[in-house]
Amino acid sequence: MKFKYLFLGFMLLILAGSMTAIAAADDYESLGDYTFDIPDGYQVVDKDDVSVGMELDENHTVLVYQLDAVSDINFFKSMLEAAGCEFGDAQELKVGNFEATQSTYKFDETQGYFYICSDGGKPIVVADGMPASEELPAAEDSLAYQVINSLE
């Protein structure tokens, strides 16, 4: 009889461990060959083969976008600038396994950080957005930086 309860207790521990793993699986997302963490409180609201859009609410967003080739970077930025996006000074840095170009941006009533990242594969663009009326956090505290830092 004790064996039956011991076995049942063991099975419940295995089940509880499995549920924790399942719950943890919801904390990350994948795009192409890459995976990254979803920021706390954010939900994936749009996903296709080349992009993942996440938001906390309609004013706080994070976008991860995979370009086809390095040559697409300048075209992508010029399209954004033609639409009225203003970029701040760019800084080159290393974040995790990625070489990244970081800049701030402003577009209408939105501001945030804009990163172009590469590890030798297809470039990844990561941008976060928040109302221009809010104070922009330090770059290393930005959600875009946190996503890049988690990229694998």
Ile38 CD1 to Ser150 OG distance, which is reported to the nearest 0.5 Å: 9.5 Å
Minimum heavy-atom distance Asn59-Pro131, with the two atoms named: O-CD, 3.3 Å
Qualifying residues under ring pair (Phe, Tyr, Trp, His ring centres under 6.0 Å), relative to Phe87, sequence neighbours excluded: Phe114
Shared hydrophobic cluster, Val45 / Val125 (ILVMFWY, side-chain heavy atoms < 4.5 Å): no
Closest heavy-atom pair and its distance - Ser103, Gly88: CB-O, 3.6 Å
Non-hydrogen side-chain atoms of Thr110 and Tyr105 separated by less than 4.5 Å: yes
Sole candidate of Val64, Leu143, Leu63 that passes side-chain contact (heavy atoms from CB on, under 4.5 Å) when paired with Met54: Val64
Gap between atom CG of Leu151 and atom CD of Gln146 - 0.5 Å precision: 12.5 Å
Between CD on residue Glu86 and CG on residue Asp108, distance to nearest 0.5 Å: 10.0 Å
Heavy atoms from other residues, nucleotides or ligands near CG of Asp48 exceed 12 (cutoff 6.0 Å): yes
Within-4.5 Å side-chain heavy-atom neighbours: Val52 and Phe36: yes
Smallest separation among heavy atoms of Asp141 and Pro137, with atom names: CB-CB, 4.2 Å
Partner set under ring pair (Phe, Tyr, Trp, His ring centres under 6.0 Å) for Tyr34, not counting sequence neighbours: Phe98
Shortest non-hydrogen contact from Thr61 toward Asp57: CG2-O, 4.3 Å
Check against side chain to side chain contact (heavy atoms under 4.5 Å, CB included), Lys47 and Ser30: CA-CA 10 Å; Lys47 181 179 179 183; Ser30 61; 4.0 Å; yes
Asp49 CG: over 12 foreign heavy atoms closer than 6.0 Å: no
Listed partners of Thr101 passing side-chain hydrogen bond (donor to acceptor under 3.5 Å, both in side chains), at least two apart: Glu92
Side chain to side chain, Lys122 and Leu67, heavy atoms closer than 4.5 Å: no
Over 12 non-hydrogen atoms of neighbours within 6.0 angstrom of CG in Asn149: yes
Reported OH-to-CG distance for the pair Tyr65 and Leu31, which is rounded to 0.5 angstrom: 10.0 Å
pair Gln111-Thr104: side-chain heavy atoms closer than 4.5 Å: no
Check: Leu80 and Phe76 side chains under 4.5 Å, non-hydrogen atoms: yes
Test item: Glu55 and Gln43 side chains (from C-beta on) under 4.5 Å apart, heavy atoms: no
Atom of Ala100, atom of Cys117 and distance for their closest heavy-atom approach: CB-SG, 4.1 Å
Beyond-backbone contact of Tyr115 with Ser142, side-chain heavy atoms, under 4.5 angstrom: yes
Spatial distance of atom CG (Asp33) from atom CG (Asp119) [nearest 0.5 Å]: 9.0 Å
Spatial distance of atom CG (Leu56) from atom OH (Tyr42) [nearest 0.5 Å]: 5.0 Å
Short side-chain to backbone donor-acceptor contact, Tyr113 and Ala139, under 3.5 Å: yes
Test item: Ile116 and Lys77 side chains (from C-beta on) under 4.5 Å apart, heavy atoms: yes
